[in-house]
Amino acid sequence: MHARSCSSTLYIRNSQPSSASPPAVWCAPLSLFSFTTSGTLTFPSAFPSILHPSPCTPLCMSGVFPSMLSIVHPAHLVALCGVGTQPSGASMGHPFATPADTCAMAAPKASVMPVSGLRDLLHRYDVLLLDQLGVLHDGKNVHSSAWDAARRFQEVPGRNNKLVLASNSSRSATVALQGLKKMGCDADLLDGVVTSGEVSHRWLNKRKMERLNDKNADRSKRTEDGPDESPSNVANGESCDDLEDVVHMTWQWRGHQSLQELGVRGVSEKEMHKANLMVSQGADAIADGEEIIPMEDDQMERLVLKCAEKKMVMLCTNPDMVAQYGKELAKMPGFYAELYEKAGGTVIRTGKPESVFYDFCMEVIQELRNGEPVDRSRVLAIGDSMAHDVMGANNAGIDVLFVQGGIHYQDLGIKLGEEAALKSVIELAQKYGVQPTYTIPMLRW
């Protein structure tokens, strides 16, 4: 059974329509339905008399929702019945408009379903892609209700539900897990971890191997008449001079993470002329080798603009513009990536909303399911950023639960933990040109 709905009306599709039991889609008031904790849809004794238009023949009501029926999101009605069709007897003034009427009226508008908890969606999904900051914690405090909801989802009897962290953290998957555990999060619940940093590590490692292959081929030509006696690392075949000089933006207060094992070495601002690549991994310091040089916001902005003038490529390992830390919002690498682009620079992003990130997520999910192809309709993304979580999920063709109590809580005019007006959520989504499937104040069961 597929369950989707808008805030007031349930749209029910008959997958086996016939001349004896038209139409293909019915409407019914959502308030008459409810879901059990196990995800089973319960319906009133008056069903199907509440359907509009009424079915011509009785439907089997043996206490189980008929398998021939499924619940349909209003936005999908266009494909089912077409905009502008007008069944006989349809009336725009009818309290339960026919699907075609509702489609013509509502399809062009944003439709977001508010949910009270993850249990409302339990029957619909097998995999959760969980954002980190703003969903599972706020950078300072663990959101216990979110972890409780994730655990309950994972432990549903008879299901093989999976939890995958999908974070724009510039850290590797291993370091991101360590950070969660250090905060006191129950990170062992997670079945898989995908970070923007992990994707960027793959990119850097590929670049490193291509560069080493080219250098080794060149060395082979130069040493045909004798052995190459240059210092080398026997373990990986990489000479001590094989590290690529880059401008490495890093973190001071969050801790520096070396990238030398991936073949790159940070240089100082004075030696940036040696670099052709800028790695944006942090936002308050640069690395000169393993030395960390703190930088104020204005200093970092000047450095970024200098690199843009030099036509370097920027690898942005965290596309987030800002991140939530308690009640404050801190600048992230994505802020400088946007500045870099505005100055004419080229940016490669490895996190949400980019397709490369979601492709990696699908790889991880497929591995968790022993190679079984991923049904994206059974995957739910959960996040707090319209520009990253919601946009990325929209582009990847998966549903998304928008958490209001993250980076947009001020935009929505609420305090942390409060519920925003649905109109405010829709207007915010329209501002970013995205479409959340559902919305919730904070992730909870």
Side-chain angles (χ1 to χ4, degrees), residues 168-172 175 196-197 199-212 214-216 218-219 230-233 236 238-323 330-351:
N168 266 355
S169 169
S170 59
R171 309 293 188 177
S172 66
V175 175
S196 178
V199 180
S200 67
H201 283 197
R202 297 174 91 185
W203 189 90
L204 285 170
N205 192 59
K206 180 181 178 182
R207 181 182 176 95
K208 167 188 169 182
M209 297 310 298
E210 289 174 349
R211 187 177 67 256
L212 291 181
D214 290 343
K215 285 193 173 185
N216 288 336
D218 183 59
R219 285 196 188 106
S230 61
S232 63
N233 184 324
N236 61 16
E238 184 177 353
S239 79
C240 61
D241 294 325
D242 278 336
L243 293 175
E244 180 183 6
D245 290 327
V246 303
V247 176
H248 182 186
M249 295 170 58
T250 186
W251 291 111
Q252 178 191 28
W253 71 276
R254 295 184 67 192
H256 170 64
Q257 185 177 359
S258 174
L259 297 177
Q260 290 198 14
E261 64 179 13
L262 297 170
V264 297
R265 169 181 53 206
V267 295
S268 68
E269 189 172 358
K270 290 182 180 179
E271 298 198 340
M272 59 178 280
H273 62 276
K274 297 179 180 180
N276 292 311
L277 177 67
M278 187 175 201
V279 181
S280 177
Q281 191 185 33
D284 67 357
I286 63 170
D288 180 9
E290 293 303 298
E291 181 185 354
I292 306 306
I293 303 173
M295 301 192 82
E296 299 295 332
D297 288 353
D298 59 337
Q299 293 176 306
M300 188 66 80
E301 289 184 15
R302 285 197 298 270
L303 175 66
V304 166
L305 293 177
K306 284 182 182 179
C307 291
E309 289 178 4
K310 195 177 181 297
K311 303 299 181 184
M312 295 184 195
V313 172
M314 174 188 278
L315 176 66
C316 179
T317 69
N318 182 340
D320 286 350
M321 300 282 287
V322 295
K331 284 183 182 178
M332 301 299 283
F335 174 86
Y336 293 103
E338 184 169 283
L339 177 65
Y340 199 78
E341 281 182 323
K342 288 180 178 178
T346 299
V347 177
I348 297 172
R349 293 176 174 84
T350 57

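When each of C316, S170, P319 is checked for a side-chain contact (heavy atoms from CB on, under 4.5 Å) with S196, only P319 meets the rule. A side-chain contact (heavy atoms from CB on, under 4.5 Å) with T350 is found for exactly one of L204, V199, N318, namely V199.
Under a 3.5 Å cut-off, the side chain of R207 and the backbone N or O of V264 do not form any donor-acceptor pair. In this structure a side-chain-to-backbone donor-acceptor pair under 3.5 Å is present from D284 to Q252. No donor-acceptor pair closer than 3.5 Å links the side chain of K208 to the backbone N or O of E244. Remark: the backbone N or O of K331 is not paired with any side-chain donor or acceptor of Y336 at under 3.5 angstrom.
For residues 254-300, the pairs satisfying ring pair (Phe, Tyr, Trp, His ring centres under 6.0 Å) are H248-H256, with sequence neighbours left out.
Here the CZ-CG distance, from R265 to D288, works out to 10.0 Å after rounding to the nearest 0.5 Å. With values rounded to the nearest 0.5 angstrom, T346 atom OG1 is found 10.5 Å from M314 atom CE. In this structure, OG1 in T317 is found 9.0 Å from CZ in R171, a value given to the nearest 0.5 Å. Summarising the geometry, atom CG belonging to L212 is positioned 9.5 Å from atom CG belonging to N205; distances are rounded to the nearest 0.5 Å. In this structure, S280 OG and L339 CG are separated by 10.5 Å, a value rounded to the nearest 0.5 Å. Distance CD/E301 to CE/M295: 10.5 Å, rounded to 0.5 Å.
Scanning for ring pair (Phe, Tyr, Trp, His ring centres under 6.0 Å) contacts around H201 gives an empty result, with sequence neighbours left out.
R302 and E269 are not joined by a salt bridge, as no carboxylate oxygen comes within less than 4.0 angstrom of a charged side-chain nitrogen.
Nearest heavy atoms, E271 versus V267: O-CG2, 3.7 Å. Looking at every heavy atom in both residues, F335 comes nearest to M321 through CB-O, 3.6 Å. Taking both residues in full, the closest heavy atoms of M312 and Y340 are given as O-OH, 2.8 Å, listed atom of the first, atom of the second, then distance. In this structure, T250 and Q257 approach most closely via the heavy-atom pair OG1-N, 4.1 Å. Residues I292 and W251 approach most closely at CG2-O, 4.4 Å, considering heavy atoms.
The number of heavy atoms from other shown groups lying within 6.0 Å of NZ (K310) is above 12.
Looking at E290 and Q260, their side chains come closer than 4.5 Å, going by heavy atoms from C-beta outward. Looking at heavy atoms from C-beta onward, C307 lies in side-chain contact with M272 at the 4.5 angstrom threshold. Looking at Q299 and L303, their side chains never come closer than 4.5 Å, going by heavy atoms from C-beta outward.
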